[in-house]
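First the structure, in the form of structure tokens, and then the observations on it.
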Protein chains: 2
Amino acid sequence: MTTCIRCQDCISSRFCIPSALNNYEINQLDSIIIRRTPLHRGQLLFERGDKLTALYAIRSGIIKSYTITPRGKEQITAFYSTGDILGFDAINTLRYPTSAQALDTSMVCEIPFESLERLSSKIPALRRQLLRLMSRHINSDQENLSITRKNAKTGLATFIYKLICTRAQRGLSPTSLRLSMSHTEIGNYLGLSLETISRLFSSLQESGVLMMEGRTITIQDSDKLARMSHNNEDFW
Amino acid sequence: MTTCIRCQDCISSRFCIPSALNNYEINQLDSIIIRRTPLHRGQLLFERGDKLTALYAIRSGIIKSYTITPRGKEQITAFYSTGDILGFDAINTLRYPTSAQALDTSMVCEIPFESLERLSSKIPALRRQLLRLMSRHINSDQENLSITRKNAKTGLATFIYKLICTRAQRGLSPTSLRLSMSHTEIGNYLGLSLETISRLFSSLQESGVLMMEGRTITIQDSDKLARMSHNNEDFW
DNA sequence: CGGAATCTTGATTAGGTTCAAGATGAGTGG
DNA sequence: CCACTCATCTTGAACCTAATCAAGATTCCG
């Protein structure tokens, strides 16, 4: 049963904590991890304000993390997928500062934080790896920040391009992709309105960069997409 | 000579790494730290692409970190001040992803990364503290992200309010503040043009929130400033 | 098949950028 | 100490991008 897969057999282990550990160490890590039953679309992994009990490694699926503004509006801070770790942002205050919700059926490994700390005191490579993964998290937050400073077109292009690149790294198709998030959610994340997202997708289709069928995207000109995401020029 | 101040005697130690350590542990930390001569306005602490050799703790002054876009434009990612640690974002790739430049005369403690890792293998509290500080860094990156999604007025109000709050925590005046950064730099950081920053400051003065004399700001109605930074309402 | 959610497209509006020109301020050398 | 210069800041006017408002179309799902 895939719910009980071990780190050794997990395809995403090479993007996850085990990537820096030897077999013996992976076994030890494996023994503290709790395999959860799949999360279904809409289910919460944790809520803002909950006490930090565990970090969560995503095996498959996609999770959004978000806060609610004083005005009651949802504010999406990140989309996490295979190999990503949730919960680093909770270590400071020992409470999760954001809520986490599955956008699709998702398999998640629960890594009890105390056990992890205990284990990391015995395994130098694990200590180093935790720092590395948190640093990577900071890197990607900074990249996200720079997306919001671009214009709308470039922002969406970057968003799609990064999704595609991540998938390619994971050995998935670099040309085809089913979005798990709505236009509302993409817009919320990028700081744009859902109408703008819709218009931009139309525009991307017209310019032959991609095709859409419902939420399924097929990339037709990934070079152009890459250039659009790196530049602010008028490619459209 | 203040250049050689020890952690024990450093006023900012309670916001810095030592805050979680006992005296014996602080001594050990102290022994690996290199006190540098002051950085002067405009001097670089490190440049994007340099190998990670050390983390840097800011004792006083202010440092901006930034990248250069493919278009050759500076992109400011953060302003660091007393108690902040620079370099966490370099642990992932072992190279600094941003450059760091002093905006004012700044005192900085250099913490060689290898020594720090070695020391942290012996001191559990130090391990925990490093995770905590990196987590705090992630928290503040996420707050910054949410600033950019606000409107310009709220964004600048939040920027000033946070500067003031940080100063208050450090025991400095909560009503008076000399900005070390230009309008161009503030605008760059907030994703706004320098003209907009200038207009917003004028507007803040007219509405009696603060007064400006050159780059020196005096807060006149900090409640209003706080409300403006938390809300999107029309307070102006 | 029906109802709700999501997406598309158009028209209008608003917030912030850009361009432009003058004012203020800080630093430098006589 | 003053005059000169360069950088920074201020303010106005025109423009532009993306938000908002509105109304249909499509898709999803029970």
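Numbered from 1 within each chain, the chains take letters A, B, ... in sequence-line order.
Judged by distance alone, with hydrogens and angles left aside, Arg199(B) brings a side-chain donor or acceptor within reach of the base of dT18(C), the pair sitting under 3.5 Å. Remark: the Glu195(B) side chain and the dC19(C) base include a donor-acceptor N/O pair separated by less than 3.5 Å.
Within the nucleic acid shown, Leu192(A) comes within 4.0 Å of sugar-phosphate atoms alone, with no base atom in reach, counting heavy atoms only. Among the protein residues, Gly191(A) comes within range of the sugar-phosphate backbone only, with heavy atoms under 4.0 Å from sugar or phosphate atoms but none that close to a base. Here Arg215(A) lies in heavy-atom contact (under 4.0 Å) with sugar-phosphate atoms only. Among the heavy atoms of the strands lying under 4.0 Å from Ser193(A) is at least one base atom, whether or not backbone atoms are also near. Across all strands, Gly187(B) comes closer than 4.0 Å to no nucleic acid atom at all (heavy-atom distances).
Going from atom CZ of Arg41(A) over to atom C1' of dT6(C) covers 11 Å, rounded to whole Å. Atom pair Leu200(A):CG and dA18(D):P shows a separation of 7 Å (rounding to whole Å applied). Summarising the geometry, the separation between NZ on Lys150(A) and P on dA18(D) is reported as 14 Å, rounded to the nearest angstrom. In this structure, Asn188(B) places its CG atom 16 Å from C1' of dG16(C), rounding to the nearest Å. Summarising the geometry, the separation between NZ on Lys153(B) and P on dA14(C) is reported as 13 Å, rounded to the nearest angstrom. The CE atom of Met181(A) sits 11 Å away from the P atom of dC7(C) (whole-angstrom rounding). Atom P of nucleotide dT17(C) and atom NE2 of His183(B) are separated by 14 Å, given to the nearest angstrom. In this entry the distance linking CD1 of Ile186(A) with P of dT8(C) reads 10 Å, nearest Å.
Under a 4.0 Å N-O distance rule, the pair Glu74(A)/Lys64(A) qualifies as a salt bridge. A salt bridge does not link Glu110(B) with Arg35(B): none of the charged nitrogens is closer than 4.0 Å to a carboxylate oxygen.
Each of Thr196(A) and Gly214(A) was assigned the nucleotide of DNA chain D with the nearest heavy atom; the assignment lying further toward the 5' end belongs to Thr196(A).
Side-chain proximity of Ser198(A) to the nucleotides dT10(D), dA18(D), dC7(C) is greatest for dC7(C).
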In a table with atom names and distances, give each donor-acceptor pair under 3.5 Å that connects a side chain of residues 190-200 of chain A to protein atoms at least two apart or in another chain.
from      : atom 1 : to        : atom 2 : distance (Å)
Ser193(A) : OG     : Glu195(A) : OE1    : 3.4
Ser193(A) : OG     : Thr196(A) : N      : 3.2
Ser193(A) : OG     : Thr196(A) : OG1    : 3.0

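Within the 3.5 Å criterion, the main-chain N or O of Asp89(B) finds a donor-acceptor partner in the side chain of Asn139(A).
For dT9(C), the OP1/OP2 oxygens have a side-chain nitrogen or oxygen of Ser202(A) closer than 4.0 Å.
Between His230(A) and Tyr161(A), the angle of the ring planes goes over 60°, which puts this pair in the perpendicular group of the 30/60° scheme.
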